[in-house]
Amino acid sequence: MISQNYYNMSKQIAENIILRRGALSHVAEYLNLNRKVLVVTDDGVPSAYSDVVLSTCKNGYKFVFEHGEESKSFDTLKLILQAMIDHGFTRTDAVVAVGGGVTGDMAGFAASCYMRGVDFYNIPTTLLAQVDSSIGGKTAINFGGVKNNIGAFYMPKKVIIDPETLRTLTPRLLHEGLAESIKMAATSDAELFSYIESVGTLDEKLDRIIADSLAIKYAVVKADPKEGGLRKVLNFGHTIGHAIEAASHALESDPEKQLYHGECVAIGMLSMASPKAAARIKAVLEKYDLPTVNPYSMETLKPYIKLDKKASGNKITTVYVNEIGNFEFKELKVTEL
């Protein structure tokens with residue numbers, strides 16, 4: 001059991017992570033695009049974002065897939081790899097993801113597979129991807145009804161984060177991304193949590209929230225790049241959250257009724273915190289219109305929890321927040337959740 005605040009208060013971000021408003025329009029200054037480049041995006045991302053990148057490539061191609069979690073599949077992966085083969089990509093070429101977490105997963109996994117690995121750049125355009133998935137190096141697809149169970153650790157050579165791209169997000173998408181910042185603040189930075197609690201207009205405060213969230217994740221990933229121990233802290237809310245997400249997509253045929261990833265994490269945090277900490281988490285979730293009630297019984301969720309990547313036998317390592325800004329790992333039986 002570990003109980004500690006591991007957050008590096010110097011709040012340093014790696015040199016290969018560029019956080020700058022307007023960075024997208026200066027992408028050629030940051031990335032080596034003087035070669036064949038496959039720009040991967042989905043049809044839910046404004047095409048102007050990927051077109052900016054494509055226009056700066058010496059020899060660029062664009063691959064667009066259907067947006068949504070259902071596209072995180074072998075079928076989409078095969079199509080991306082086939083496009084690289086068709087265009088004669090070599091090991092010296094590159095893949096650029098422009099979009100949210102699904103796009104980053106698909107592009108990054110394809111880059112890791114093609115000729116045993118080509119350069120991968122990530123340009124996240126959702127808040128969830130900017131504060132979380134874009135810098136962790138986790139790439140994956142969903143298989144057999146289980147989320148992210150087939151994949152690889154493959155770090156992007158550079159990440160370009162432009163908060164201006166968030167202006168096209170709906171409030172719901174913006175807030176579900178904020179859930180990941182709330183998650184990291186709850187475990188590792190009481191000051192950031194208080195800041196998120198107190199801000200008025202979110203748009204005006206996003207730069208600091210993104211920067212501080214990135215600093216937390218970078219410190220954790222640097223210390224434990226392949227989730228051998230400490231990195232599991234980033235799974236706060238995810239044990240039950242992933243199960244809710246899987247159930248939502250399996251049981252709800254109407255996409256409008258399916259819960260987003262950050263919404264599921266929001267719900268999942270509340271049962272893994274002390275009453276005092278949970279009360280503060282619940283209040284800040286409600287402030288940003290995030291759900292706080294689990295729509296499914298534990299009996300419905302247990303089959304999904306048993307397939308969780310953090311499970312070992314009938315036990316699973318969970319993250320528990322007793323006090324905002326600190327955490328501990330608890331090994332629980334699935335029946336104890």
Sequence-distant partners of [X], salt bridge (charged side-chain N to carboxylate O under 4.0 Å, His left out), two or more places apart:
X      : result
Glu180 : Lys183
Glu286 : Lys282
Glu299 : Lys302
Arg35  : Asp119

Inset, instruction - Check His249, Glu69, Lys147 against Asn142 for a side chain to side chain donor-acceptor pair (under 3.5 Å) and give me the one that passes. - result: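 Among the candidates, only Glu69 passes.
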Inset, instruction - State which residues pass ring pair (Phe, Tyr, Trp, His ring centres under 6.0 Å) with Tyr304; sequence neighbours excluded, sorted by chain then number. - result: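 Scan of Tyr304 (ring pair (Phe, Tyr, Trp, His ring centres under 6.0 Å), adjacent residues dropped) gives none.
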Legend entry - Partner set under ring pair (Phe, Tyr, Trp, His ring centres under 6.0 Å) for His261, not counting sequence neighbours: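 Once residues adjacent in sequence are excluded, the partners of His261 under the ring pair (Phe, Tyr, Trp, His ring centres under 6.0 Å) criterion are His238, His242.
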Name every donor-acceptor pair, under 3.5 Å, that has one atom in a side chain of residues 102-109 and the other anywhere in the protein, sequence neighbours excluded.
| residue | atom | partner | partner atom | Å |
| --- | --- | --- | --- | --- |
| Thr103 | OG1 | Asp42 | OD2 | 3.1 |
| Asp105 | OD1 | Ala140 | N | 3.1 |
| Asp105 | OD2 | Lys72 | NZ | 2.8 |

Inset, instruction - Could you list all the salt bridge (Lys or Arg N to Asp or Glu O under 4.0 Å) pairs where at least one residue sits in residues 88-97, not counting sequence neighbours? - result: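 Matches after skipping sequence neighbours: none remain.
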Legend entry - Pairwise salt bridge (Lys or Arg N to Asp or Glu O under 4.0 Å) hits with a residue in residues 53-67, at least two apart: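 The answer is Asp51-Lys62.
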Legend entry - Check ion pair Glu191-Arg208 (N to O, under 4.0 angstrom):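 Looking at Arg208 together with Glu191, the answer is yes, because their closest N to O distance falls below 4.0 Å.
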Legend entry - Members sharing Val27's hydrophobic cluster (side chains within less than 4.5 Å):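 Grouped by the 4.5 Å side-chain rule, Ile18, Leu24, Tyr30, Leu31, Leu33, Val37, Val39, Val45, Tyr49, Val52, Val53, Leu54, Val96, Val98, Tyr121, Ile123, Ile160 form the rest of the cluster around Val27.
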Inset, instruction - Can you sort out the partners of Thr76 under side chain to side chain donor-acceptor pair (under 3.5 Å), two or more places apart, ordered by chain and number? - result: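 Here the qualifying residues are Ser73.
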Legend entry - ring pair (Phe, Tyr, Trp, His ring centres under 6.0 Å): pairs with one or both residues in residues 134-186, sequence neighbours excluded: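 As it turns out, the ring pair (Phe, Tyr, Trp, His ring centres under 6.0 Å) pairs with a partner in residues 134-186, which skip direct neighbours, are Phe74-Phe143, His175-Tyr288.
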Inset, instruction - Please confirm whether Arg172 makes a cation-pi placement over Tyr260, using NZ or CZ under 6.0 Å from the six-membered ring centre and within 45° of the ring normal. - result: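 Yes, cation above the ring, under 6.0 Å and within 45°.
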Inset, instruction - Drop me the distance from Thr318's OG1 to Leu332's CG, to the nearest 0.5 angstrom. - result: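 With rounding to 0.5 Å, OG1 (Thr318) is 4.0 Å from CG (Leu332).
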